[in-house]
2 protein chains.
Amino acid sequence: MPRKNLKSVRTEEYSRTAFELLCEHGVSGTTVDKVATVAGVSKTNVLHYFGNKTKLLEMALRYGNADLAGEVRALLRRSHTPWERVYSVIFANFSKQYFTPKLAHAWMSLCAEVPHQKAYQRIQTAIHRRMRSNLVDALSKITDGETSERVALSISVMIDGLWMRSGLQSEGISRETALALIEAHLNALFPGDKDRLAARKRIAEICDILHP
Amino acid sequence: MPRKNLKSVRTEEYSRTAFELLCEHGVSGTTVDKVATVAGVSKTNVLHYFGNKTKLLEMALRYGNADLAGEVRALLRRSHTPWERVYSVIFANFSKQYFTPKLAHAWMSLCAEVPHQKAYQRIQTAIHRRMRSNLVDALSKITDGETSERVALSISVMIDGLWMRSGLQSEGISRETALALIEAHLNALFPGDKDRLAARKRIAEICDILHP
DNA sequence: GTCTATGTTGACAACTCAGTCAACAAAAAA
DNA sequence: TTTTTTGTTGACTGAGTTGTCAACATAGAC
């Protein structure tokens, strides 16, 4: 059996540790030394694998984002209709495991650095682009092209805003409130759409099964 | 004539300088030394007036926020109907002068520090509370209490999300796109409301007059 | 047993930054 | 003119951080 490369094992291990510290202390509060100490190795060793701090945090953010991406994929895989795909994106973003203040902190830290760090900008752009294309692809089966772009944008803007709130207020917005707000928005745009309501119910159920 | 206190002159001067650096370089990139150099004085002098860096940045953020608050007040003063007050809040937040990537950067920097700095948390909370109360007060004249709360929240969440986008993407969201998104949202919630449309037109005109 | 590739680390250099302190300058009051 | 108050600063301390380098450890190859 082909033993897993030690390099990739270490890389993932340190990325995970860095990501956890990032959630707790933000970008400026996360030092290479702390990551090394928590991981139980020397700072030199961490630097050996990543070269510098920016690369380390970049990998840490990719690690954290991979989770969310996986959540979206898991729901999309079980979706059969356009509306189910729309709700997959929404429910994944407010999943019980991932819609937490800590993750929101890490994400806001990233966003604050984006204007000054190209590497972080790429990650952020990728996240937004993926969300947009998932939403537009699904919505364009439901309405015209221009409307799908507009609705996709408004949904993702609301998601951003809601994540921000959850990170800011100590008693931030709950998963239920967040979902209710998006639902009210969609309900105003597509009132009484049977397909939509059925899709919402089904994806909500799948969500409950995946995270009991 | 009573000469203005030198202390308050310096305080405002340094706050403004700090705020400009904050827009340009974010919280971690803004050092006491840089503020002092740009203002043309010694670091010791800046520290003399503010005590420590956190206080300095706190005042800087208050300084920056006072501008936006003034914009809201200017429009509210000229509003006569509930819908005009709602649109005052919206248009002020996307005013030509203030809805800029640089201001968005400064604001995101602040938000990223909120979870770790009580002083910044207070400022952020005050901003949100003021926006909420302005919106709810106006909306409660239009619909029932529960709906006003919900709509006020959705509007302010969208405003947050749009500001975030404008800070993130180099070619961020334009003022026009932002206003169009909010408008589509309100139009879906209150379709064809004559009072609303008239109010929107009037506040837009006042905005044009104030910022030609 | 020796050699080599791989993994690991302690010590250290270089730098940045917040905050302190004692002293200096100048204007106002006496 | 002398004294006091107000404003200002250079020099320094001390903590914290990134990144380098030469050396050490170890397991498998020869």
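What you are looking at is a predicted structure, and each value in this text was computed from that prediction instead of being measured. Residue numbers start from 1 in every chain, and the chains themselves are labelled A, B, ... in the order their sequence lines are given, proteins ahead of strands.
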Enquirer: Relative to the ring of B:F94, is the ring of B:F99 parallel (under 30°), tilted (30 to 60°) or perpendicular (over 60°)?
Expert: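 The arrangement is perpendicular - the two ring planes meet at more than 60°.
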Enquirer: Expressed in angstrom and rounded to an integer, what is the separation of A:K55 atom NZ from D:dG19 atom C1'?
Expert: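 The distance from NZ of A:K55 to C1' of D:dG19 comes to 13 Å, rounded to the nearest Å.
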Enquirer: Classify the ring geometry of A:W163 against A:W107: parallel below 30°, tilted from 30° to 60°, perpendicular beyond 60°.
Expert: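 Ring orientation, 0 to 90° scale: perpendicular.
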Enquirer: Does any non-hydrogen side-chain atom of B:M108 lie less than 4.5 Å from one of B:L168?
Expert: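 B:L168 reaches B:M108 side chain to side chain.
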Enquirer: Rounded to whole angstroms, how far apart are NE2 on A:H48 and P on D:dC24?
Expert: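 From A:H48 NE2 to D:dC24 P: 18 Å.
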Enquirer: Tell me the interatomic distance from A:Y49, atom OH, to C:dT9, atom P, rounded to whole angstroms.
Expert: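 Result: 10 Å.
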Enquirer: Measure the shortest side-chain to side-chain distance between A:T147 and A:R150 over non-hydrogen atoms and say whether it is less than 4.5 angstrom.
Expert: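 Yes. Closest side-chain heavy atoms under 4.5 Å.
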Enquirer: Just by protein heavy atoms under 4.0 Å, how would nucleotides 10-20 of chain C read 5' to 3' in B, S and -?
Expert: BB-----SBBB
Enquirer: What is the separation between atom CG on A:L57 and atom P on D:dT17, rounded to the nearest whole Å?
Expert: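 So the CG-P distance, A:L57 to D:dT17, works out to 13 Å.
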Enquirer: Take the protein atom CG of A:N45 and the nucleotide atom P of D:dT18, then report the distance between them rounded to whole Å.
Expert: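 Interatomic distance, CG of A:N45 to P of D:dT18: 16 Å.
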Enquirer: Give the intermediate values and the outcome of side-chain contact (heavy atoms from CB on, under 4.5 Å) for residues A:H105 and A:E24.
Expert: CA-CA 8 Å; A:H105 292 168; A:E24 204 83 40; over 6 Å; no
Enquirer: Under the side-chain contact (heavy atoms from CB on, under 4.5 Å) test against A:H185, which residue among A:L181, A:L189, A:N187 passes?
Expert: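 Going through the options one by one, the only one that passes is A:L189.
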